[in-house]
Amino acid sequence: SAQRLDNTLMELIEVARTRKGASKLSAIPLRTFITVVFEALEHLPRYSKVEWKLDIPDALEVFSDRVLLQSVLQSLIHNAIAYGNRQSPRVSVSVKEYDASVEIRIQDNGEGIPESIRPRIFEMFYRGHLESTGAGLGLFIVKNALDKMKGSIRFECPENQGTVFYVTL
C-alpha cells in the first residue's frame, strides 16, 4: 500500500510538472535518449524477458523538451513491457523522420486495448485493466506532455498484434 501511494504521488507530481511553466527546448539525439529510457526501466520484473527491436537512425535528433519527452517515452515503454505477451514479450521502437516532424512508434505484442475502453484511455485516473497497479495517470500524463510540446498521440490495436502508439513531434 505504501509503495502504491508513493507511485501515485510521484505520478501526481509528474502531472503538475507537465502542466506548469514553459518548455525548455534542446536538441535530443533520439537513439541515445531512448536507450537511457530503457535503462531507467531495467528494474521492472518483466524487463529481462523482453525481446527488443529498435529501428532508430543513429544521427536523428529532435528539438524538444527533454523532461517531457522522457516522461512520454518512459510511460509508453513501461506500458509496452507491462501489457506485452506474458510468455514472450516483444517491444518494438522505431522512428521515422518526415519534412517537419518525427514519428516515434512503440509497439507491444500483448492482447491490445479492448474496444470498449479505447475512448477513455487518456482520462485522468482511468484504469482500463483490472490487473493494473497504477493510478490511471500514465497515459493522461503522456497526453498532457505532448499537448504542451505541441505534439500528438494516436494508437491502433491491429488484430492479434498488440498495441501500437504513434507519437508525433
Side-chain angles (χ1 to χ4, degrees), residues 7 10-11 14 18 26-115 117-118 121-122 127-134 136-147 149-169:
N7 289 341
M10 294 307 290
E11 287 179 334
E14 191 73 21
T18 60
S26 63
I28 302 169
L30 273 179
R31 187 170 186 83
T32 304
F33 190 76
I34 290 172
T35 301
V36 170
V37 171
F38 287 155
E39 290 169 1
L41 297 170
E42 285 179 343
H43 68 282
L44 296 174
R46 297 185 58 206
Y47 184 92
S48 63
K49 294 180 181 180
V50 175
E51 176 187 329
W52 298 99
K53 181 180 179 198
L54 299 178
D55 184 12
I56 306 166
D58 288 333
L60 182 59
E61 290 186 335
V62 294
F63 198 67
S64 189
D65 184 295
R66 184 175 293 275
V67 173
L68 294 177
L69 184 58
Q70 180 174 349
S71 180
V72 166
L73 295 175
Q74 196 161 319
S75 183
L76 291 173
I77 294 169
H78 180 280
N79 283 355
I81 295 168
Y83 297 111
N85 182 282
R86 295 271 181 239
Q87 286 71 42
S88 56
R90 282 190 318 274
V91 175
S92 171
V93 179
S94 61
V95 179
K96 288 186 181 178
E97 185 175 20
Y98 297 97
D99 290 338
S101 65
V102 169
E103 181 180 78
I104 303 168
R105 179 180 184 266
I106 299 169
Q107 180 172 7
D108 66 54
N109 66 335
E111 295 178 12
I113 301 169
E115 186 82 38
I117 68 168
R118 291 178 189 177
I121 67 167
F122 295 109
R127 293 171 44 192
H129 291 275
L130 294 175
E131 64 197 53
S132 175
T133 58
L137 292 169
L139 291 176
F140 175 79
I141 291 168
V142 166
K143 178 78 170 94
N144 278 277
L146 285 167
D147 287 349
M149 293 187 289
K150 300 195 179 3
S152 64
I153 187 166
R154 65 184 176 87
F155 67 96
E156 297 174 352
C157 298
E159 194 169 334
N160 301 319
Q161 295 182 38
T163 302
V164 187
F165 280 94
Y166 299 90
V167 171
T168 302
L169 302 171

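Position 1 is the first residue of the sequence, and the numbers go up from there.
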Are Ile141 and Ser71 close enough that some pair of their side-chain heavy atoms sits under 4.5 Å apart?
-> yes
Could you give the side-chain donor-acceptor pairs of residues 100-108 under 3.5 Å, partners two or more places apart or in another chain?
unit_1 : atom_1 : unit_2 : atom_2 : d
Arg105 : NH1    : Gln107 : OE1    : 3.2
Arg105 : NH2    : Gln107 : OE1    : 2.8
Gln107 : NE2    : Gln161 : O      : 3.0
Asp108 : OD1    : Gly110 : N      : 2.8
Asp108 : OD1    : Thr163 : N      : 3.2

Quickly, which of Ile77, Leu76, Val72, Val93 forms a side-chain contact (heavy atoms from CB on, under 4.5 Å) with Val37? Name it, please.
-> Ile77
Atom pair CD1/OG of Ile56 and Ser94 - distance to nearest 0.5 Å | 8.0 Å
Could you tell me whether Glu111 atom CD has more than 12 heavy atoms of other residues or ligands within 6.0 Å of it?
-> no
With sequence neighbours excluded, tell me which residues meet ring-ring contact (aromatic ring centres under 6.0 Å, His included) with Phe33.
-> none
Rounded to the nearest 0.5 Å, how far does CG of Asn144 lie from CG of Leu139?
-> 11.0 Å
Which pairs with one or both residues in residues 30-43 pass side chain to side chain donor-acceptor pair (under 3.5 Å), sequence neighbours excluded?
-> Arg31-Asp58
Which value, rounded to the nearest 0.5 Å, describes the distance between Leu73 atom CG and Phe38 atom CZ?
-> 9.0 Å
Pairwise distance CG(Leu30) to CG(Leu60) - rounded to 0.5 angstrom = 5.0 Å
To the nearest 0.5 Å, tell me how far Ile34 CD1 sits from Gln74 CD.
-> 12.5 Å
Evaluate side chain to side chain contact (heavy atoms under 4.5 Å, CB included) for Tyr98 paired with Thr168, printing each intermediate quantity in order.
-> CA-CA 10 Å; Tyr98 297 97; Thr168 302; over 6 Å; no
Apply ring-ring contact (aromatic ring centres under 6.0 Å, His included) to Tyr166 and list each qualifying residue two or more places apart in sequence or on a separate chain.
-> none
With sequence neighbours excluded, what pairs up with Asp147 under the side chain to side chain donor-acceptor pair (under 3.5 Å) test?
-> Lys143
Indicate the ring-plane relationship of Phe165 and Phe122, choosing parallel, tilted or perpendicular according to the 30° and 60° boundaries.
-> perpendicular
Any pair with a residue in residues 44-53 that passes salt bridge (charged side-chain N to carboxylate O under 4.0 Å, His left out), sequence neighbours left out, goes on the list, sorted by first then second residue, please.
-> none
